[in-house]
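So the structure is just underneath, and the comments pick up after that.
Just so you know, these numbers come straight off a predicted model, no measurement behind them. Because only heavy atoms are used, hydrogens play no part in the values below, and waters and symmetry mates are left out as well, while side chains stay in.
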Amino acid sequence: MAPLVQPGKRVSTLVKVTREDDEDARRFGTVVKAVGKRLWEVVYDDGHRLVADVGKLRIENDDTPAARVTTTTHDGTNYVEEGDDVDADAAEEDDVLNLDKYDLAHDDDLEDLPVLVDSDDDDDEYLDDDGDDADDDDGDDADDGDGDDAEDDDADKDFDGGADDDDDQEDYAPENPHALARYLADVKIAAMEGDIITVQNKSSKTSDEWEVIANAYEDAYAAAELMATIKGFSWHTRWTAAEVFLHLLPGTLTDMVKNINTLSRDDFDLVHRNTRWSGPVTPKELLTFFAIIISAPAMDGKGKALWETFSEGMSPAPDMGRWGLSKTRFEEIRGRASYAWGVGAEDDAWRRFRPFVEAFNQRRAEVVEHGYLLPLDESMSAWKPRTTKTGGLPNISFIKRKPKPLGTEFKCVGDGATGIMLRLEIQEGKEAMANAAHVKELGATAACTLRLAEAVAPPVELGAQRQAPTAQDVAMLAHFEISAREGGFAAAAAAADDAADDAATDDADAPVPPLVVADSWFGSVKACVALGKQGKHAIMMVKTAHARYPKDFMEEALEDAPGGTQCVCRTVIEGIPLIAIGYRYNRKTVLCFVATNGAGASTYGKPYVATYTDRFGNVRVRYVDRGVVIARFFSRSNVIDAHNHRRQHELGLESAWITKDPYFRLATTGIGMNVVDSELAIMYFKPLSRYAKMTTTKFADVLGFELWRLGQDLTKLPDRHKFAPENAAAGAGGTAVVVPSVDTLRAIAATGRLSAGLEHKPCKYPMKASGPKAKNPFYQEQHMCAWCSRIDRVRTMTSYYCEQCAVPLCRNKKCWDKHVNYPGTLFAGSSNASAVATALAENAKGGSNKRRKTA
């Protein structure tokens, strides 16, 4: 394999020498640095400093004599003449561009530079502004008297008759002006190295000093590997999509069944103001409910249309009723779905949804061991109020830049390795968030950033995880700091790579601190310093929150610079070393970043690939340079945006289920997040599985079917969600719920056993006051018998209920006996059943002139 061109290499280029035998010769020199993708600056042995194309450079041995010229004859044989110097003034240099006569400190000289154009011959031509040869004023080649070019005997001819390759000229010509403009910009910035930039802080009336440097070299993650694990999820175990979904699901199915079946009187009236209640939900029904909710985006239709049994076309009708849940029963469970995770305190404005957020954060902390990279961003649960300002929610947010800008906003932390959502924080409004942690000392934005980061990665001592550089590293960095002007980015990159290799060799297993990456909403010097004090690194984009940041200087220094140019500064604020990077993203945009020193080197990293179409419609690519720290930022900064795209657009549960209940909308958002997290976990840990090859909609469809199938056999549920066996005590351990099968319930005989040791007492509903126009002043309140409606599927009204379990039951059809004698019946064992029954009785004693719809 041929050696690569790099700084310090001995190279040679072909030159034309005025001699009697008219033979070509080679000029020797040393490569200094790269000035473009294909251009290198070379210092030749005769003292000239030139720019040469990489295709015209030939690698020589390091022991090549300094003043040696290798002569090449036209028949291809080479011979060496020692001491035969080349007359540089008389030489006609090919393949190189002499920069000595240009003042590279001024950008205006770029207009006077000739353009290097590739041709079919071994020589290159320099064209001036009018497109003619730079060494011929009249634009014509010198005539030798016979009408032909003077060098027609030696010129090489193309196979097509000597025509030049125009395509090669067009493709190559635009790269040189860009590369030279980049070189001039680098020279301009290099001239500023060592300058001190003072930034005034208007709020505190203090100032910060930033020093312009060539590069930042410290990188704590040079040898780190970005990996994550999920506890209980093995690479070698075969998991279904349903098992992964239930493994990540906040809360347990047992708690959900319990919470749905035990509502307070106020919540019961709120939910069932316009809907009936046929009786408690079984685990089978809950799993079927989840299956229908998740699979809906893959079906043809929305909402109630999913229960259509007739299709006008060839595609089958959705007919969701065939899965065992009627439309009426689905609507009953749908009204209570937001209560599946319980309710919060009475004085909490978000009491109906905060339990889900807390359960979500707790479950992710329990099972997900995230990688070191933690991106921060926002997520939205779309909600458009129709009749009120907030549509029944305590607060809604409007973020114009989001695809769905109106709704409930969450500030989120994602895992940079898997893409799984790690933590949510509800944005409750300006007044409510003013009392959150760290707001008084940091302000709302920086406080939110710190809360999210410290909740996922607890604070550590600042120096606990940082390694002191070795003596070799210090010497190497000092050497390249001094020679940064001559070595440029290429030499600095080599130094950073060597230092990283040495650090990795010294301590390959050393832990690395968390790395927080965030966009401009979170990014500020204040937030970066706060994270640094907790032992974390950070890379943040800075836009509006540019206090204490040299933003004006960055924009001025990079004015008119081409894409890929950067300017680096450093400072120390409150004991935390920081670096500021201004990066020319394109001809219109300058991006500003602030990072802790060690979050990444500013030397060349993975380039940005820009695509464009030429005038023929062909797609071309251009590689735009960017530093390691910037490449690391952009590598995973879009994790949460990608998660949002999968949930909102590819899955689209919120769009599939139109609702007037804002909390059901939030519940679908939470379920959708868990579906996407399950898909991402499988794609990361099982990239070759059949699930990883599915679209998000197809994955949700398969997941829904697997959940329904688990509902048919509850014994196959994961241990965390398993229900107690039928002979166990109801409510054992506070979580188990005994749910017998329908066949078992039908086969119950009066055995005289008392359910779970509970004392069931039959009570009669009180008389209620009638309306003013009623014939009788009072009427007997009645409800549908829970046993008849749920087990026997018969509509029977009754005036009796169980005081302990707060469920209506018949006395004359032995429903009461079945309820009492079966141990651990579905309707027994609820923790607040007595309170519900008491509230029901007290509410009835007060009388009402409006008959409540029976449940």
Salt bridge or not for Arg401 and Glu378, using N-O below 4.0 Å? yes

Taken in chain and number order and not counting sequence neighbours, the residues that satisfy side chain to side chain donor-acceptor pair (under 3.5 Å) with Ser381 are Thr669

Validation row: Tyr765, His783 side chains within 4.5 angstrom (heavy atoms): yes

Basic-acidic side-chain contact under 4.0 Å: Lys258, Asp255: no

Suppose we screen for side chain to side chain donor-acceptor pair (under 3.5 Å). Which residues come up paired with Arg647, at least two apart in sequence or across chains? Glu654

Measure from the side-chain N and O atoms of Trp657 to the backbone N and O of Ile293, and report whether any donor-acceptor pair falls under 3.5 Å. yes

How would you list all residue pairs meeting ring pair (Phe, Tyr, Trp, His ring centres under 6.0 Å) that involve residues 290-316, not counting sequence neighbours? Trp307-Phe330

So, does Glu428 use its side chain to make a donor-acceptor pair with the main chain of Met433 at under 3.5 Å? no

Restricting to pairs with a member in residues 382-396, which pass salt bridge (charged side-chain N to carboxylate O under 4.0 Å, His left out), not counting sequence neighbours? none

Establish, from distance only, whether the side-chain atoms of Glu425 and Gln427 form a donor-acceptor pair under 3.5 Å. yes

Arg720: partners by side chain to side chain contact (heavy atoms under 4.5 Å, CB included), with sequence neighbours left out: Thr252, Arg363

Quick one: is the NZ or CZ of Arg334 closer than 6.0 Å to the six-membered ring centre of Phe664, and within 45° of its axis? yes

Are any side-chain N or O atoms of Thr798 and backbone N or O atoms of Leu809, one a donor and one an acceptor, separated by less than 3.5 Å? yes

Report the distance from atom OG1 of Thr309 to atom CZ of Arg322, rounding to the nearest 0.5 Å. 11.0 Å

Report yes or no: does Arg423 contribute a side-chain atom to a donor-acceptor pair with the main-chain N or O of Val456 at less than 3.5 Å? no

Under 3.5 Å: donor-acceptor pair, side chain of His721, backbone of Leu246: yes

Quick one: does NZ or CZ of Lys698 land under 6.0 Å from the six-membered ring centre of Tyr691, within 45 degrees of the ring axis? no

Listed partners of Thr328 passing side chain to side chain donor-acceptor pair (under 3.5 Å), at least two apart: none

Can you see which heavy atom on Ser379 is nearest to which on Cys412, and at what distance? OG-SG, 3.4 Å

Mind checking what makes side chain to side chain donor-acceptor pair (under 3.5 Å) contact with Glu358, not counting sequence neighbours? none

For Gln648, all residues meeting side chain to side chain contact (heavy atoms under 4.5 Å, CB included), sequence neighbours excluded: Met380, Lys404, Asn644

Sequence neighbours excluded, which residues qualify as side chain to side chain contact (heavy atoms under 4.5 Å, CB included) partners of Ser315? Asp300, Ser311

Check whether Asp377 reaches the backbone of Lys411 with its side chain - one donor and one acceptor, N or O, closer than 3.5 Å. no

Of all pairs that satisfy salt bridge (charged side-chain N to carboxylate O under 4.0 Å, His left out), the ones with a partner from residues 342-352, not counting sequence neighbours: Asp267-Arg351, Glu346-Arg351, Asp348-Arg354, Arg352-Asp661

State whether the side chain of Glu454 and the backbone N or O of Arg451 hold a donor-acceptor pair below 3.5 Å, judged by distance alone. no

Show me the pairs that pass salt bridge (charged side-chain N to carboxylate O under 4.0 Å, His left out) and involve residues 668-678, at least two apart or across chains. Arg364-Asp677

To the nearest 0.5 Å, what is the distance between OG1 on Thr696 and CG on Asp701? 12.5 Å

Say whether, by atom type as modelled, one donor and one acceptor occur between the side chain of Thr697 and the main chain of Glu650 under 3.5 angstrom. yes

Least distance between heavy atoms, Thr390 atom then Trp383 atom: O-NE1, 3.7 Å

Trp708 side chain to Leu287 main-chain N or O, any donor-acceptor pair under 3.5 Å? no

Residues which pass salt bridge (charged side-chain N to carboxylate O under 4.0 Å, His left out) with Arg646, listed by chain and number, not counting sequence neighbours: Glu679

So which heavy atom on Asn261 is nearest to which on Arg336, and how close? CA-NH1, 3.8 Å

Give a yes or no answer on whether the side chain of Thr668 reaches the backbone of Arg665 with a donor-acceptor pair at less than 3.5 Å. yes

